[in-house]
Amino acid sequence: MTATAPIDKNSHVVLVDGSAYIFRAFHALPPLTRKTDGLPIGAVAGFSNMLFKLMVNQSDEDRPTHFAVIFDASGNTFRNEIYDLYKANRSALPEDLIPQFPLTREATLAFGAPSIEMTGYEADDLIATYARIADEAGARCTIISSDKDLMQLVTENVIMRDPMKNKDIGIKEVIEKFGVEPARVIDVQALAGDSVDNIPGVPGIGVKTAVLLLNEYGPLEELLERSGEIPQKGRREKMLANKDMALLSKQLVTLKTDIDLEVPLEDLAVTDPDVDVLFDFLERMTFRTLTARVRAALGAGETDGLRKDDTAPDAGAPAELDAPKNVKFDAEKYVCVQDAATLREWVDKAMKAGVVAVDLETNSLDSAAAKMVGVCLSHADNEACYIPLGHVGVGNSAEGGDMFGAAAPKQIPMQEALDILEPLLHSPSVLKVGQNFKYDLGVFQRYEGNGKALHPAPYDDTMLISYCLETGLRGHGMDAMSELYFGHKAISFKEIAGTGKSQKTFDQIELDVATKYAAEDADVTLRLWKFLKPKLAAAGVATAYETMDRPLPAVTAQMENNGIKVDRTELNRLSGLFAQKMAQLEDEAYEIAGTKFNVGSPKQIGEILFDNMGLEGGKKTKTGAWQTGVDVLEKLADEGQALPRVILDWRQYSKLKSTYTDALVSQINPDTGRVHTSYSLAATTTGRLSSSDPNLQNIPIRTEMGRKIRDAFVAETGHVLVAADYSQIELRILAHVADLSTMKQAFADGVDIHALTASEMFGVPLSEMTPEIRRNAKAINFGIIYGISAFGLAKNIGISRGEASDYIKTYFEKFPGIKAYMEEAKAEAREYGYITTILGRKCHIKGIRDSNQMSRAFAERQAINAPIQGAAADIMRRAMIRMPEAIEDVEGARLLLQVHDELVFEVPEAKANALIDIIVPTMESAHKPAIEMSVPLLVEAKAAKNWNDAH
DNA sequence: GACATCACG
DNA sequence: GACGTACGTGATGTCG
């Protein structure tokens, strides 16, 4: 897309201040939305029209020879380092503007212009550097901007053009505005300051006075030295007192003209846009007028894409998420890259495209153990490649080398390939798109080395975008989405690798087969991104995605790689102990039953208890088998039966042994000696994470025997574990959203909330509270959060249905607000099909309008629970996202686990208190500044050698 | 692969 | 009037 041409006095360099334009267009232009789905695109439309005028519909005299759109990179710049309040008073981005940033970059590329940005610098600095180079070469340079901060750059050769008013700003206009010539503008700004950028300046000195003083006493530095000579007392004292502020301000307003550019000016030579790409973009934006104008100017005929414009949308796919199915998948176009030169070409193409799908192939689903086998890239439909890096000869395994089978295929050496890929992965102007990118990030992290980091950024995750759009509606796997949205069935892993014991790992797959499978994944991923990303804003969940989902893969990938140490010896000892206990209990059970049977078989237990022994009160499951769950057996045991008690005890040991002690030991990673779980970021219907392989969110804690397993989760020598958990977060959220004044007051006062509930409900003073009464109140509090029913409450705390019914009635009376909250939650779900948490996540509730009473009642309970559980999950996500930066200064501190309302860290013993001092406020304020709460959040944190003692 | 059971928040 | 009934997860063993 870029071409090279030398810069000389015949050149005309046009530099567009892209970031400034977007803001201005957004506020100045009418709020246009896309016809197909309501996506806000007003700023994109204005921007596209401007590009058209500048690049295509231009007089020969003004036609640029070199052209670029310059953007601010996200994140801090060097200015934040010298002044942390720089631009600190900027308000949050409007929700409707957020999705227009990537679309503006896309528009730039569609018109065939390079989009330039660099981490650490603002667009203004890049413009300043390009303008200086152009000026020195004697070329004409036009800066498309009206930002006064750029006026310092104006010279005989460099002018500015206001893109909205079409007005040129030269030396004369700058003098009119500032009263000094362009080179002195920074001195005026240094004194006068700027409230928009939060430049302090000298308080009380404005532009007028600044010019007066500078004309009288000379340039800023001289003026500051001679400030004592100023006759007016007020001005003199202000100047003397704020010398440092003035110098700092000058530093802030002075644009950098000596950036080491990633793209040299020569490479910004103008080329003709790719008509297909351009029309495709215009079509997707539904810019009919502009399309017609562009077509007329370029003399291009109708394309396939434009004709599609008038065809009816495909039936079948859901109306709101209907996808264009117009570009066929063509696996023949996929390329296998086996030499460095070709890889460089692909990296180059991705750089120019500005967005690239990245997908890693490995030899295992376990990201903490997986070896990299290959990388895929895709920068456009059907333009995808596979770069094999770790394939072995057919018939070999990764561990076995090339001893028996064929020789390994030709591949770029791993380190060389990573060196070539690294600039792409880290380029701030290229968006990396992945599907479940947490996995890829985790694998990349483990290939760091030689002083080189591998933290791809910026990135987007199609799985999380889909999750944010449709939480609770369906799965978010790539294969399913491809079929749903594109009607395209992707090659399944089983098809190429087989199943069961003889299943091959990816490094054993032949390259032509591997290429078709792997490149397709990248191709699909990029298409999903193009399709789904714009929908975030249209659905009103762009902010939710940006603040709670998008940054999470990097954090959780690090947690997974960190892992946690377990005491193998202790777990083995417990396994042996549990096995002994089980054997004893089995003998006892046979004795009582008078026969041998499988204690692990609920079916046989049911038959023995209810058929053979003839016990009363048995209930059948829906499949016709006897129920033998805890509550059933517990009841029989209470009635004096011996066998149920034995079975219950046996089950406890069996559970602990098979699910915990045995399983955990087998899951210790041989390389790290630690256990690495895998977090699912898009699995639940409420926004919670889930943990698997192994699940470290359900390690026992409620029984004494179970806690012995927690003892075996330990810190490294010289370290401690720190467990920090939100106290009663769901009840606090309930008190806030349902506006329960009594409960809010209790939380504000730090009162025991279950005791308070008991006191309110049963009229028992707090001083006379008994554990028994408090326990019942606690069960009711939980019941409320779960969408209580009298039956459920009765069953849970062992009272009659009538009593339970009375309790609930009393609760509603004592906590007015609850009833209204529940009705509102149900009504919202009924009307929209989803509920929205206080932090903006939308959780879809299936079955809320089902004709079946049962399923509807179930959906209604979900509608009551989801705003509470979901908000707690949101807050935790926000806390986790802030954690890496928060704990950065606590050397050696690492985040290891998340258990819904708890975070577990590992830290050198001496740093434990420092860590606690930073994580507690970070967690307690995680909901801010997005929302304020009428109830304080409370976090309790403790350090200990093992996880059990950290509670 | 479905089901029942049970570990957690 | 009967029916089934507290929210969200994942791992395990049995059985067909």
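As the structure is a prediction and not an experimental result, all values here were calculated from the model. Residue numbering restarts at 1 for every chain, and letters A, B, ... go by the order of the sequence lines.
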Categorize A:Phe782 for me: base, sugar-phosphate, or nothing, with a 4.0 angstrom heavy-atom threshold over every strand shown. nothing
Applying side-chain hydrogen bond (donor to acceptor under 3.5 Å, both in side chains) to A:Tyr811 and A:Asn781, what does each step give before you reach the verdict? CA-CA 9 Å; A:Tyr811 198 102; A:Asn781 276 332; 2.7 Å; yes
Report the C-alpha distance between A:Thr684 and A:Tyr467 in whole Å, list the side-chain angles of each, state the deciding distance to 0.1 Å, and finish with yes or no for side-chain hydrogen bond (donor to acceptor under 3.5 Å, both in side chains). CA-CA 9 Å; A:Thr684 69; A:Tyr467 180 64; 3.3 Å; yes
Contact class for A:Ile699 vs. all strands (heavy atom < 4.0 Å): base, sugar-phosphate, or nothing? sugar-phosphate
Earliest and latest nucleotide of DNA chain B, 5' to 3', sitting under 4.0 Å from a non-hydrogen atom of chain A? B:dC3 to B:dG9
Output the rounded distance in Å from CG (A:Asn796) to P (C:dA6). 10 Å
Kindly say if A:Ser789 contacts the phosphate of C:dA6, meaning a side-chain N or O under 4.0 Å from OP1 or OP2. no
With rounding to whole Å, what would you report as the distance between C:dA6 and B:dA2 at their P atoms? 22 Å
What's A:Gln869 touching, base or sugar-phosphate or nothing? Going by heavy atoms closer than 4.0 Å. base
We want to know whether A:Thr703 and A:Gln652 form a side-chain donor-acceptor pair, criterion being a heavy-atom distance below 3.5 angstrom. yes
Test salt bridge (charged side-chain N to carboxylate O under 4.0 Å, His left out) applied to A:Asp549 and A:Arg877, A:Arg878, A:Lys842, A:Lys438, the passing residue: A:Arg877
Without hydrogens or angle criteria, can the side chains of A:Asp366 and A:His676 be said to hold a donor-acceptor pair below 3.5 Å? no
Roughly, in whole Å, what's the span from OH in A:Tyr467 to P in C:dG8? 12 Å
Is the terminal nitrogen or CZ of A:Lys603 (NZ for Lys, CZ for Arg) located under 6.0 angstrom from the six-membered ring centre of A:Trp626 and within 45° of that ring's axis? no
With sugar-phosphate meaning primed atoms plus P, OP1 and OP2, does A:Leu656 contact a base, only sugar-phosphate, or nothing at under 4.0 Å between heavy atoms? nothing
Residues A:Glu704, A:Arg707: salt bridge by 4.0 Å N-O rule: no
Electrostatic pair A:Lys581:A:Asp649 at N-O distance under 4.0 angstrom: no
Assign A:Arg651 to base, sugar-phosphate, or nothing according to its heavy-atom contacts below 4.0 angstrom with the strands shown. sugar-phosphate
For A:Ala779, answer base if it contacts any base atom (sugar-phosphate contacts may also be present), sugar-phosphate if it contacts only those atoms, and nothing otherwise; contact means non-hydrogen atoms under 4.0 Å. base
Taking atom P of C:dG8 as reference, at what distance in whole Å does atom CG of A:Asp901 sit? 17 Å
Whole angstrom value for the distance that separates P of C:dC7 from NE2 of A:His900: 16 Å
Looking at every strand, decide which applies to A:Gln627 at a 4.0 Å heavy-atom threshold: base, sugar-phosphate, or nothing. sugar-phosphate
In Watson-Crick or G-U wobble terms, both distances under 3.5 Å, what is the partner of C:dC7? B:dG9
Please state how far atom CD in A:Glu730 lies from atom C1' in C:dG8, giving the value in whole angstrom units. 9 Å
Touch check for A:Arg861, heavy atoms < 4.0 angstrom, all strands: base, sugar-phosphate only, or nothing? sugar-phosphate
Could you tell me how far C:dC3 sits from B:dT5 if I compare only their C1' atoms? Round to whole Å. 24 Å
Rounded to whole angstrom, note down the P distance from C:dT5 over to B:dC3. 14 Å
For A:Arg856, which contact category applies under a 4.0 Å heavy-atom criterion: base, sugar-phosphate, or nothing? nothing
Using a heavy-atom cut-off of under 4.0 Å over every strand shown, decide if A:Ser680 touches base, sugar-phosphate, or nothing. nothing
Whole-angstrom distance between C:dG4 and B:dA4, as gauged at atom P: 14 Å
Rounded to the nearest 0.5 Å, the CZ atom of A:Phe747 sits from the CG atom of A:Leu734 at a distance of 8.5 Å
In whole angstrom, what separates A:Ile845's CD1 from C:dA6's P? 17 Å
Contact string for nucleotides 11-16 of chain C, one letter per nucleotide 5' to 3', B = base within protein heavy-atom range under 4.0 Å, S = sugar-phosphate only, - = neither, reads BSSSSS
Considering non-hydrogen atoms only, spot the tightest contact between A:Ala663 and A:Ser658 and give its length. CB-O, 3.5 Å
For the student: nearest non-hydrogen atoms of A:Val899 and A:Leu696, plus distance: CG2-O, 4.1 Å
Without decimals, in angstroms, what is the distance between A:Asp874 CG and C:dG8 P? 16 Å
What is the distance from CZ of A:Phe791 to C1' of C:dA2, rounded to the nearest Å? 13 Å
